[in-house]
K.L.:
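One structure, pasted below without further comment.
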There are 2 protein chains.
Amino acid sequence: MKYIEKLRNSGLRPTKQRLQICEVLFDTKQTFHFTINDLAKKIKDQLDNRISLATIYNTVHAFEKKGYLKQIPINSNQTYFDTNISDHHHFYDLNEEKLIDLENSDVGPINIKRKINGKKIKSVEVLVKLED
Amino acid sequence: MKYIEKLRNSGLRPTKQRLQICEVLFDTKQTFHFTINDLAKKIKDQLDNRISLATIYNTVHAFEKKGYLKQIPINSNQTYFDTNISDHHHFYDLNEEKLIDLENSDVGPINIKRKINGKKIKSVEVLVKLED
DNA sequence: ACACCTTTTTAGAATCATTATAAAGTAAAT
DNA sequence: ATTTACTTTATAATGATTCTAAAAAGGTGT
C-alpha cells in the first residue's frame, strides 16, 4: 500500500481507517474541495465498512496538520478542505455556494509589502467572490 | 441622530436598537474587527438597556447585506466582521489568532485573469497567514 | 391622536457542525 | 507475549447560529 510509508513518515500510524480515507482523498486524477459531510458521504458510498464521524474529523485534522490537506478560508457554516495543496486561489460563487479553483497562472503575482516583526508569511490566499 | 437617514435610505427602519448598534459600531475613530460575541459584550458594557442576541444577529446581517459591514473570510468557528468596508486585506496571526488590517497600499494590485461566464466579481479578498 | 398594517424585537427552542469523553480495539516496542 | 501508547468509536456535550411565534414599535393615512 503506497500510503503506508507516507503516513509512517509523518508519525501517523497507518491504520485501516486512515489508509481508506487516503484512498478516497488521494486516489483521484482531479483534486477536489470538500466538507466533512461531503467526505463522510463519499466514504459511505465507496467503502463496505463504515468509519465513525469522529474518526473522519480526527483524520482530516491530522492530515491538515501534516500538510496533506489545506483548509480553505471562506465564511461558511461548514469548513472546506482542498486536496489541492499547491499554491492556488479560489472563486466562490455566492449564488450557487460553490468553490472553483483558480490556477496560479490565473492570478497575477501578489506583492505583500508590509512586514510584521518576528512573523513569517505562511500562506497568501485570495478569495474572489462571484455573483450573477 | 445622524444614522436615521442612513438607515432610512437603505430601507431599514431606524429602530432604537439599530441606532444604538450603529453608535457602537460606527462612532469610533478606528475601524475594528469583531465577532457577534465581541459585539454583544461591547453592547452590554456601553449601553444601559439590553439588546437581545437575536436582534444583534439580525442587525449585523442586515448591515452586512447593505454594505455597512464586511464579513472577513477566515476559517474560525465564529464569523468575523469588519467595520472597515474599504477595499483592503488582512493578516491573520495564527499563533495569536488575531486579525490585522493590511492597507490597500500594502498589497500590490491583484490581477484576476480568468472570467466565469455570466458572473461578476463582487470582491477580491486576500488573507495572509502569519506564523512565528 | 387613532386605527391599521407591516416590520422588528424578543425569549426561548431548535438545529447543526464540531469537539470532548471514556471505553474498547489495535499497532508497535520491549 | 506483554506492555505501552495510539486510535477508533458511540455517544454526549458544546457552542454558534437560526427559527418561531407572540409582543412591541414604526410608519401611514385619517
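Quick note: numbers below take in every heavy atom, side chains included, and nothing from hydrogens, waters or symmetry partners.
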K.L.:
Could you tell me how far apart Leu19(A) (CG) and dC6(D) (C1') are, to the nearest whole angstrom?
P.N.:
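Atom CG in Leu19(A) sits about 15 Å away from atom C1' in dC6(D).
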
K.L.:
Closest to the Ala54(B) side chain: dT9(C), dA10(D), dA11(C)?
P.N.:
dA11(C)

K.L.:
Take atom NZ of Lys65(A) and atom P of dT19(C), then tell me their distance rounded to the nearest Å.
P.N.:
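Taking atom P of dT19(C) as the reference, NZ of Lys65(A) is at 11 Å.
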
K.L.:
Would you say Thr55(A) reaches dT9(D)'s phosphate, i.e. side-chain N/O to OP1/OP2 under 4.0 Å?
P.N.:
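Affirmative; the distance criterion is met.
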
K.L.:
Whole-Å distance between dA16(D) P and Lys41(B) NZ?
P.N.:
11 Å

K.L.:
Specify whether Tyr68(A) and Phe63(A) have parallel, tilted or perpendicular ring planes, treating 30° as the upper limit for parallel and 60° as the lower limit for perpendicular.
P.N.:
perpendicular

K.L.:
Can you tell me how far CD1 of Ile43(A) sits from CG of Leu53(A), rounded to the nearest 0.5 angstrom?
P.N.:
9.0 Å

K.L.:
Report yes or no: is the cationic atom of Lys6(B) (NZ for Lys, CZ for Arg) closer than 6.0 Å to the six-membered ring centre of Phe26(B), at no more than 45° off its axis?
P.N.:
yes

K.L.:
side-chain contact (heavy atoms from CB on, under 4.5 Å), that's the test. Do Ile100(A) and Arg114(B) meet it? Break it down for me.
P.N.:
CA-CA 11 Å; Ile100(A) 303 166; Arg114(B) 185 162 156 216; 3.7 Å; yes

K.L.:
Rounded to the Å, how far apart are Ile51(B) CD1 and dT10(C) C1'?
P.N.:
12 Å

K.L.:
Whole angstroms only, please: what is the CZ-P distance between Arg18(A) and dG25(C)?
P.N.:
19 Å

K.L.:
Taking atom C1' of dT18(C) as reference, at what distance in whole Å does atom CG of Asn77(B) sit?
P.N.:
9 Å

K.L.:
Considering only dA10(D), dA28(C), dA17(C), which nucleotide approaches the side chain of Gln78(A) most closely?
P.N.:
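So the side chain of Gln78(A) is nearest to dA17(C).
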
K.L.:
Would you say His61(A) reaches dT19(C)'s phosphate, i.e. side-chain N/O to OP1/OP2 under 4.0 Å?
P.N.:
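Yes, such a contact exists.
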
K.L.:
How long is the span from the CZ atom in Phe91(A) to the NZ atom in Lys122(B), to the nearest 0.5 Å?
P.N.:
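Interatomic distance, Phe91(A) CZ to Lys122(B) NZ, rounded to 0.5 Å: 15.5 Å.
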
K.L.:
For dA17(C), take OP1 and OP2 only and decide whether either is under 4.0 Å from a side-chain N or O of Thr79(A).
P.N.:
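Answer is no, no contact under 4.0 Å.
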
K.L.:
Given dT10(C), is OP1 or OP2 found less than 4.0 Å from the side-chain N or O atoms of Gln17(B)?
P.N.:
yes

K.L.:
Name the orientation class of the two ring planes belonging to His33(B) and His90(B) (parallel below 30°, tilted from 30 to 60°, perpendicular beyond 60°).
P.N.:
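Rings of His33(B) and His90(B): perpendicular, as their planes differ by over 60°.
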
K.L.:
Quick one: Phe34(B) CZ to dA16(D) C1', roughly how many Å, whole number?
P.N.:
15 Å

K.L.:
Starting at atom CD of Gln20(A), determine the distance to atom P of dT7(D), rounded to an integer number of angstrom.
P.N.:
16 Å

K.L.:
Return whichever of Leu53(B) or Lys16(B) has its heavy-atom-nearest nucleotide of DNA chain D closer to the 5' end.
P.N.:
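Per heavy-atom nearest nucleotide, the more 5' residue is Leu53(B).
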
K.L.:
Name the closest nucleotide to the Tyr57(B) side chain, picking from dC19(D), dT18(D), dT8(D).
P.N.:
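Minimum distance to the Tyr57(B) side chain belongs to dT18(D).
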
K.L.:
Does Arg8(B) put a side-chain nitrogen or oxygen below 4.0 Å from OP1 or OP2 of dG26(D)?
P.N.:
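Answer is no, no contact under 4.0 Å.
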
K.L.:
Would one find a side-chain N or O of Asn58(A) under 4.0 angstrom from OP1 or OP2 of dT7(D)?
P.N.:
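No, because none of the side-chain N or O atoms of Asn58(A) sits under 4.0 Å from OP1 or OP2 of dT7(D).
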
K.L.:
With hydrogens left out and only the distance checked, is there a donor-acceptor pair under 3.5 Å joining Arg13(B)'s side chain and the base of dT6(C)?
P.N.:
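Under the 3.5 Å cut-off, the side chain and the base do form a donor-acceptor pair.
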
K.L.:
Does dT9(C) have its OP1 or OP2 closer than 4.0 Å to a side-chain nitrogen or oxygen of Thr15(B)?
P.N.:
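Looking at the OP1 and OP2 atoms of dT9(C), one of them is under 4.0 Å from a side-chain N or O of Thr15(B).
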
K.L.:
DNA chain D: Pro14(B) or Ile36(B), which has the more 5' nearest nucleotide?
P.N.:
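Comparing both residues, the 5'-ward one is Ile36(B).
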
